[in-house]
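Report on the following structure.
All residue numbers refer to positions in the sequence shown, counting from 1. Here the structure is a predicted model, which is why all the values come from computation and not from measurement.
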Amino acid sequence: MSHNCEPLKELVRTVPDFPKPGILFYDITTLLRDKAGFAQLIDAFAAYYIGKEVDLVLGIEARGFIFGPALAYRLNAGFVPVRKPNKLPAKAARVTYDLEYGTDSLEIHLDAIQPGQRVVIVDDLLATGGTMQATVQLVRQLGGEIAGLGFAVELDFLKGRDKFQEYDVLSLLHYDE
Ligand SMILES: O=P(O)(O)OC[C@H]1O[C@H](OP(=O)(O)OP(=O)(O)O)[C@H](O)[C@@H]1O
Ligand SMILES: Nc1ncnc2[nH]cnc12
């Protein structure tokens, strides 16, 4: 199967003024419901990370939970959820960050990563990069080694990628505006 995912952009719906006036929302639900499209995305992620000795895939709540477990399964890796505040039952580390449309916090269980484990973090979309930057901070706090940062969609014009120059960043679909 081809891993050129760009044609899948046709399956992403844009919704103006959601969740706030002035935001153009890139809605991937229309892509997820397409069985060939969803399979191609997971295949493309898997093809990129297979052979990179990944121990854990981290998914960021909520939309990172869609891709993370499917990829972890394909890589024979574990899955770790990075969650919104006060959802994790055991002791957790927390970080607060800015979003394109507000602020939020994320948490990870303190024992979720053993020092030196190789971690890929996945999310549906890279906008300003605040969410991923916060998650990178959590992984580093726990002593994980970042093997890669993976996104289904990148909004190139927001330049979130600039925050991750020292990391291997993979985005499957790119939008210039
Ligand atoms: O690059 P950034 O500017 O940080 O934006 C990207 C983040 O924003 C969205 O999540 P959101 O916080 O809306 O949460 P949700 O997945 O629960 O809808 C998206 O799923 C990413 O996680
Ligand atoms: N414009 C956008 N569309 C979808 N998800 C987002 N997360 C942050 N900005 C977004």
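Annotation for C5 and L172: closest pair CB-O, 3.8 Å, computed over non-hydrogen atoms. Residue T30 comes nearest to R13 through the heavy atom pair OG1-N, 3.2 Å, listed as atom of the first residue, atom of the second, then distance. The minimum heavy-atom distance linking G64 with P69 is given by the pair O-CD, 4.2 Å. Between A127 and L155, the shortest heavy-atom distance links the atoms CB-CD1, 4.2 Å. Shortest non-hydrogen contact noted between P85 and D104 is CD-OD1, 4.2 Å. Across all non-hydrogen atoms, the minimal contact from I23 to P19 is CG2-CD, 4.2 Å.
Salt-bridge formation is detected for the pair R118/E145: a Lys NZ or Arg NE/NH1/NH2 atom is positioned less than 4.0 Å from an Asp or Glu carboxylate oxygen. For the pair E61 and K87, the salt-bridge criterion is not met [side-chain N within less than 4.0 Å of a carboxylate O]. A salt bridge links R74 to D43: at least one charged side-chain nitrogen sits closer than 4.0 Å to a carboxylate oxygen.
The cluster map of Ile, Leu, Val, Met, Phe, Trp and Tyr, joined by side-chain heavy atoms under 4.5 Å apart, puts I50 and V120 in the same cluster. At a threshold of 4.5 Å between side-chain heavy atoms, the hydrophobic network of Ile, Leu, Val, Met, Phe, Trp and Tyr places F65 and F151 in two separate groups. Linking Ile, Leu, Val, Met, Phe, Trp and Tyr residues whenever their side-chain heavy atoms come within less than 4.5 Å leaves Y73 and V82 in two separate clusters. F38 and F79 are members of different hydrophobic clusters when ILVMFWY side chains are connected at heavy-atom separations under 4.5 Å. In terms of hydrophobic clustering, with Ile, Leu, Val, Met, Phe, Trp and Tyr side chains grouped at heavy-atom distances under 4.5 Å, L88 and L106 are assigned to different clusters.
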Decide yes or no on side chain to side chain contact (heavy atoms under 4.5 Å, CB included) for L173 and L31, but give the supporting numbers first.
-> CA-CA 12 Å; L173 309 179; L31 167 56; 4.1 Å; yes
List the steps and the verdict of side chain to side chain contact (heavy atoms under 4.5 Å, CB included) for K52 and D168.
-> CA-CA 11 Å; K52 293 191 171 152; D168 179 356; 3.9 Å; yes
Check the pair L170 / Y49 against side chain to side chain contact (heavy atoms under 4.5 Å, CB included), numbers first and verdict last.
-> CA-CA 10 Å; L170 169 69; Y49 293 116; 3.7 Å; yes
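Put simply, the side chain of L58 reaches to within 4.5 Å of the side chain of I113, judged on heavy atoms. When side chains are defined from C-beta on, P81 does not count as touching H109, because their heavy atoms never get closer than 4.5 Å. Using a 4.5 Å heavy-atom threshold, the side chains of Q141 and I108 count as separate. Between Y175 and L24, every side-chain heavy-atom pair lies at or beyond the 4.5 Å cut-off. With contacts defined as side-chain heavy-atom distances shorter than 4.5 Å, the pair K91/D111 does not qualify. Counting heavy atoms from C-beta outward, T128 and D98 have side chains that stay 4.5 Å or more apart.
For the atom pair CD1 (I66) and CG (L71), the distance works out to 13.5 Å, reported to the nearest 0.5 Å. With rounding to the nearest 0.5 Å, the separation of OH in Y26 from CG in D124 is 13.0 Å. Once rounded to the nearest 0.5 Å, the distance linking CD1 of I60 with CE of M132 reads 4.0 Å. To the nearest 0.5 angstrom, I28 atom CD1 is 12.5 Å from R33 atom CZ. Atom-to-atom distance recorded for Q133:CD and L149:CG is 11.0 Å, nearest 0.5 angstrom. Between the CG atom in L138 and the CZ atom in R140 there is a gap of 12.0 Å [rounded to 0.5 Å].
Classification of the F164-Y167 ring pair by plane angle, with boundaries at 30° and 60°, yields tilted.
More than 12 non-hydrogen atoms from other residues, nucleotides or ligands lie less than 6.0 angstrom from NZ of K84. A 6.0 Å sphere centred on CZ of R94 holds more than 12 heavy atoms belonging to other residues, nucleotides or ligands.
A donor-acceptor pair is defined here as one N or O able to donate and one able to accept, closer than 3.5 Å; no such pair exists between the side chain of D27 and the backbone of T14. One N or O on the side chain of K9 and one on the backbone of H174 form a donor-acceptor pair closer than 3.5 Å.
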